[in-house]
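Report on one structure; see the data block that follows.
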Amino acid sequence: MSETQAHEGVGARLPRQEGVGARLPRKEDDRLMRGRGQFIADIRMTGMQDVAFVRSPLAHARIRGIHVPDDLKDRVFTAADLDGVKPIRAVSGLPGFKVSEQPVLATGKVRQVGELIAMCVADTRAEAEDMAARVELDLEELPALHDMLEARKPGAPLVHEHWGDNVFLESLVNINIEAAFDAPVKVSRTISTARQCMAPIEGRGAVIHFDHRCDQLVVHTASQMPHIVRSGLSECLQMEEGQIRIISPDVGGGFGYKAILLAEEVCLGWLAQKLRRPVRWLEDRREHLTANANCREHHYEITLYAERDGTLRGIDCEASVDSGAYSAYPFSACLEAAQVASILPGPYDFPAYRCRTWSVATNKCPILPYRGVARTGVCFALEVALDALAAELGLPPEVVRLKNLVRPEQMPFDNITNKHFDSGDYPQALHRALDAIKADTVRARQTAGERDGRRIGLGLSIYCEQAAHGTSVYSGWGIPMVPGHEQAGARLTPDGGLELRIGAHSHGQGLETTLAQVACEILGIPVARTRLVHGDTAMTPYSTGSWGSRVMVMAGGAVATACTELAERVRRIGAHMLQARLDEVRLENGRVVGPAGDVTISQVAHTWYRRPQDLPADVDPHGLEVTAGYKPQRDSGTFSYAAHAVVVAVDPELGEVEILDYVIVEDGGTLVNPMVVDGQILGGLAQGIGTALYEEMPFDTSGQPLASTLADYLLPGAPEVPLPFIDHMATPSPYTAFGVKGIGEGGAIAPPAAIANAINDALRPVGAEMLRAPVTPRRIVESVLKARANRRSAA
Amino acid sequence: MSEPVQFQVNGTAHAFALPRSTPLIYVLRNDLGLNGPKFGCGLGECGACTVLMDGVAARSCVTTLGTAEGRAITTLEGLGTLAAPHPVQAAFIAEQAAQCGYCLNGMIMTTVAFLARTPSPTEDEVRAALRYNLCRCGTHVEILRAVMRAAHGEASE
């Protein structure tokens, strides 16, 4: 037995037990638990300088002057210094889209609090901040837009004067809505969700230097999409892409926040070349909360048309999304609202639909797609409205849903907006959730009443989630990034280990483990002997990155494709080594097995690399390294789905909400690592609870953000996050490798709707209805007091 | 220059002639190159920078160098060895309590200090102890299991 074979004994499991479906511990955890990860702030370079920015204190103002003290002139830079740097332009090809140009350092006007005005560089951040404090701004304050509905009105102040209004994009979908107008029941609601911050505990940051040997700008940055950042930097700095290398190290949470080209990255890219030394900027919490991208501020005017038995006749909706001052690169200012129009119908089948959307410019920071993107808001609007309809009809909420959910026998199903639901049994998910939460028992308890005066409520919500959507979907939006074939590299090392290369990046999802499991499924190489190379444009194939719950589907499929080709090459060399015909040998548990013996993959690799003299003259010259591209059989996306059921206790006097029980029945297709999937669902639930009950970035009328610390912007903590019951259905996707579906975002989508519905169920006898997220104690108390006053005046 | 401030970090004596108001996290990270404590909020609100000061959990972003004078500081690096992780670290690894891993320094350090005071906690006590350590990936449930495992041996479901 060779030494390399001995390596394969690492770990007690047989390789097959480490393949797709194994509950395998993550390879990443060991280094993370010991403080041996490497995050952006852990990178230190000799001679490195720190950067602090002078940011706009006003939401909207004309810049009359920027005064830099004379002694700081060579260490403070403004837009006037940035020769040859282009503004950030994130254009959508949708007709009518208005382009915003975001100067990386402000010129002319500032359009949001926190907009970059000047860049100060010093030996330490503290000194750089002291310099920033000495820069004087002469600003002429302009009326600021803090309310998107006001911003849409004629005569409102203009964020971008030459537009003539404040609308990035208006869209309209109308599918025969007139046919629904004669429905016997019509229910209308105004529903909205707060502006939120994604709030990864690690902020963004960049460490950039120029490598003269390689003639390359080397950009370390905490990013979910290194290759996209490279394209964006190349456009703004007017450098060839080959002159830029992006390295994204361990990333301390993303959730969408690190899927953007930053003005700070562009500034530092210029500065590193100007100073010829490494420069660093690390975002602090205040910058995160007040200056950089927010997410998810939606406003819906929604009307449901229905029969008296709950059958939906149509949905009519007007939706506005507050996109902030600038269009963020690469997702643009209109992705969110465009998504609202296309996915509002949810998992339901009904005949008439109209949705008009506005992506509105205001004097706030740009928005980025946060976990679930528009789905969380859409699910909140539709599911809360459906409960209002159920109440109007005097039906239990599940009855209205079951009347309208797409049925399993309809799958695959093209819905009213041409979304192609690939597979699944939505009604069963709902039934399972009702059983698991013991709906009958809860309702009996509800009738009996609580001794402590609190009220019990049961809430449901169900959604389906398009994930890993590809070329056919994104080309229609015409934004700077359209995903094509996802590529992966698979290379056997001379000692029989495996290196995988992907262009997407992990920010906590455990890809180093799960992609190794995919490879193991095909090659039988133990997970411990597989390394994932990612987060470096110099070492990985191009990818649009990690977003849209796509990596397991897309990079997983690409790894599978590459490993399948690699397996075939191994088999050919193995057949030669075994003196057998190709059709006589098979790859099994990491060995090529023939009629009269076997060889290990390690022996095959050893022969290819170290003993080529043993190979025949006509051996396949491509060797043991494969780069393969992958698309699912349909690129319209996988459709995972889930039903959430929650029981809450609400104190109508204090407005406090306690979650008593939580059930999630989800279908993510084939699960590569159920433990990792559970982690994603639990994490999504925690964020969904934040959206439902706590998180809000408020603004005053002058456009000042009012939550600047984590004492103002409330994240759920250990006491607020319950242990849910999770039930997996696992209907494989018919279109993807192994039947995998995207699952990363889903956990965050349903909780706000389910929890609000539970609260409304509890408060219905009081006459209060909560239609805005987060449902805070104050909103509950106000709503209860209003309902009581209404009843008194009616009586 | 300021009078040197003397203190111990992970068993080694150090002296820094820096302003006494310097946040401890800067000294640990920038001057000692210790990456365990993480900068999260700078205001003592998230807990990612937690270290032990004479065995008590302290937030190094709002602890000044002067406060650390004469004390023994332990960071995540000083908890276990490469071969033998601290039992709390081992429990966190066993329960797969990480996603991105950024908050975990604080979770682990807070847990070490908490279990020293409360060796046999209930779940509610654990939740309360970790209330002000924020995790945005939402690994609270796994962390709860890890703390219970560290306290009681095997995990309690």
Side-chain angles (χ1 to χ4, degrees), chain A residues 25-26 28-39 41-42 44 124-126 198-203 250-255 282 284-286 506-510 675-676 678-680 682-690 709-711 715-724 747-748, chain B residues 22 26 29-30 33-43 45-48 75-77 79-80 82 85-86 88-90 92-108 123-124 126-145 157:
Chain A
R26 302 194 329 164
E28 294 88 339
D29 283 36
D30 190 72
R31 74 169 183 275
L32 296 174
M33 300 300 180
R34 295 163 182 267
R36 290 192 170 85
Q38 190 183 49
F39 295 89
D42 300 335
R44 301 176 187 88
T124 67
R125 171 72 175 246
M198 285 161 270
I201 305 300
E202 178 201 47
D250 279 328
V251 175
F255 322 117
L282 300 174
D284 66 25
R285 187 56 50 183
R286 185 179 169 81
S506 176
H507 43 284
Q509 301 94 325
M675 189 157 58
V676 168
D678 283 352
Q680 290 295 311
L682 291 168
L685 170 62
Q687 294 188 359
I689 289 170
T709 74
L710 291 173
L715 301 177
E720 287 80 41
V721 178
L723 175 61
Chain B
T22 307
Y26 294 154
R29 289 188 57 89
N30 297 340
L34 294 167
N35 288 340
K38 299 288 187 229
F39 183 91
C41 68
L43 296 168
E45 292 165 351
C46 77
T75 71
L76 187 61
E77 288 89 345
L79 270 194
L82 196 56
H86 186 279
V88 171
Q89 282 171 304
F92 272 65
I93 295 170
E95 288 296 335
Q96 293 286 287
Q99 283 188 32
C100 82
Y102 198 79
C103 73
L104 280 173
N105 165 73
M107 297 289 181
I108 291 171
E123 287 197 2
D124 282 347
V126 176
R127 286 184 190 271
L130 295 175
R131 168 167 225 151
Y132 299 109
N133 282 76
L134 299 177
C135 165
R136 188 51 156 169
C137 296
T139 61
H140 309 85
V141 170
E142 294 94 329
I143 287 172
L144 175 67
R145 286 190 191 130
E157 276 298 320

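Note that this is a predicted model, so its numbers are computed, not measured. The chains referred to below are lettered A, B, ... by the order of the sequence lines, with proteins before strands, and numbering in each begins at 1.
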Contacting moiety of B:Phe39, where chain A heavy atoms sit under 4.5 Å: both
Return the CZ to CG distance between B:Arg145 and A:Leu723, rounded to the nearest 0.5 Å. 5.5 Å
Ignoring hydrogens and geometry, is there a side-chain-to-backbone donor-acceptor pair from A:Arg34 to B:Gly80 under 3.5 Å? no
Would you say B:Glu45's side chain and A:Leu710's backbone share a donor-acceptor pair under 3.5 angstrom? yes
Would you mind checking which part of B:Ile108 comes under 4.5 Å of any heavy atom in chain A, side chain (CB onward), backbone (N, CA, C, O), both or neither? side chain
Considering only heavy atoms and a distance below 4.5 Å, find which of B:Cys103, B:Ala48, B:Pro85 pairs most often with chain A. B:Pro85
Can you confirm whether A:Arg31 is buried at CZ, in the sense that more than 12 heavy atoms of other residues, nucleotides or ligands lie under 6.0 Å from that atom? yes
Give a yes or no answer on whether the side chain of B:Arg131 reaches the backbone of A:Ala718 with a donor-acceptor pair at less than 3.5 Å. no
Can you tell me which portion of B:Asn105 sits under 4.5 Å from chain A's heavy atoms? Options are side chain, backbone, both or neither. neither
Honestly, the part of B:Ala94 sitting under 4.5 Å from a heavy atom of chain A is neither
Identify which part of B:Glu142 has an atom lying under 4.5 Å from any heavy atom of chain A, answering side chain, backbone, both or neither. side chain
Looking only at heavy atoms, which two atoms of B:Cys46 and A:Ile201 are closest? And how far apart? SG-CG2, 4.2 Å
Just give me the residue among A:Ala686, A:Gly684, A:Ala711, A:Ala126 that pairs up with chain B most often, heavy atom to heavy atom, under 4.5 Å. A:Ala711
Determine whether a donor-acceptor pair (N or O, by modelled atom type, separation under 3.5 Å) exists between the side chain of A:Gln687 and the backbone of B:Gly138. no
Minimum heavy-atom separation for B:Lys38 to A:Asp42, with atom names? NZ-OD2, 3.0 Å
Holding to salt bridge (charged side-chain N to carboxylate O under 4.0 Å, His left out), I want the full list of residues that pass it with A:Arg36, two or more places apart in sequence or in another chain. none
Return the option, out of A:Glu28, A:Glu202, A:Arg286, with the maximum number of heavy-atom pairs under 4.5 Å with chain B. A:Glu202
Heavy-atom distance under 4.5 Å to chain B: side chain of A:Asp250, backbone, both or neither? neither
Pairwise distance CG(B:Leu79) to CE(A:Met33) - rounded to 0.5 angstrom: 12.5 Å
At a heavy-atom separation under 4.5 Å, does B:Leu104 approach chain A through its side chain, its backbone, both, or neither? side chain
Contacting region of A:Val251 [heavy-atom separation from chain B under 4.5 Å]: backbone
Heavy-atom pairs under 4.5 Å with chain B, option from A:Gln38, A:Glu720, A:Met198 with the top count: A:Met198
When only pairs under 4.5 Å are counted, which of B:Leu130, B:Ile93, B:Leu144 shares the most heavy-atom pairs with chain A? B:Ile93
Tell me if a side-chain donor or acceptor on A:Arg26 pairs with a main-chain N or O of B:Ala98 at a distance below 3.5 Å. yes
Heavy-atom donor-acceptor pair, B:Arg29 side chain to A:Ala41 backbone, under 3.5 Å: yes
Honestly, the part of A:Gln680 sitting under 4.5 Å from a heavy atom of chain B is both
Heavy atoms only: give me the nearest A:Gly252-B:Cys100 pair and the separation to one decimal. C-SG, 3.3 Å
For the CG atom of A:Leu32 and the CD atom of B:Gln89, what is their distance to the nearest 0.5 Å? 11.5 Å
Would you name the heavy atoms of B:Arg136 and A:Pro716 that are closest together and state the gap between them? NH1-CD, 4.3 Å
Best-contacting candidate, A:Pro200, A:Gly37, A:Ala199, A:Gly35, against chain B by heavy atom pairs under 4.5 angstrom: A:Ala199
Could I get the full list of salt bridge (charged side-chain N to carboxylate O under 4.0 Å, His left out) partners for B:Arg127, not counting sequence neighbours? none
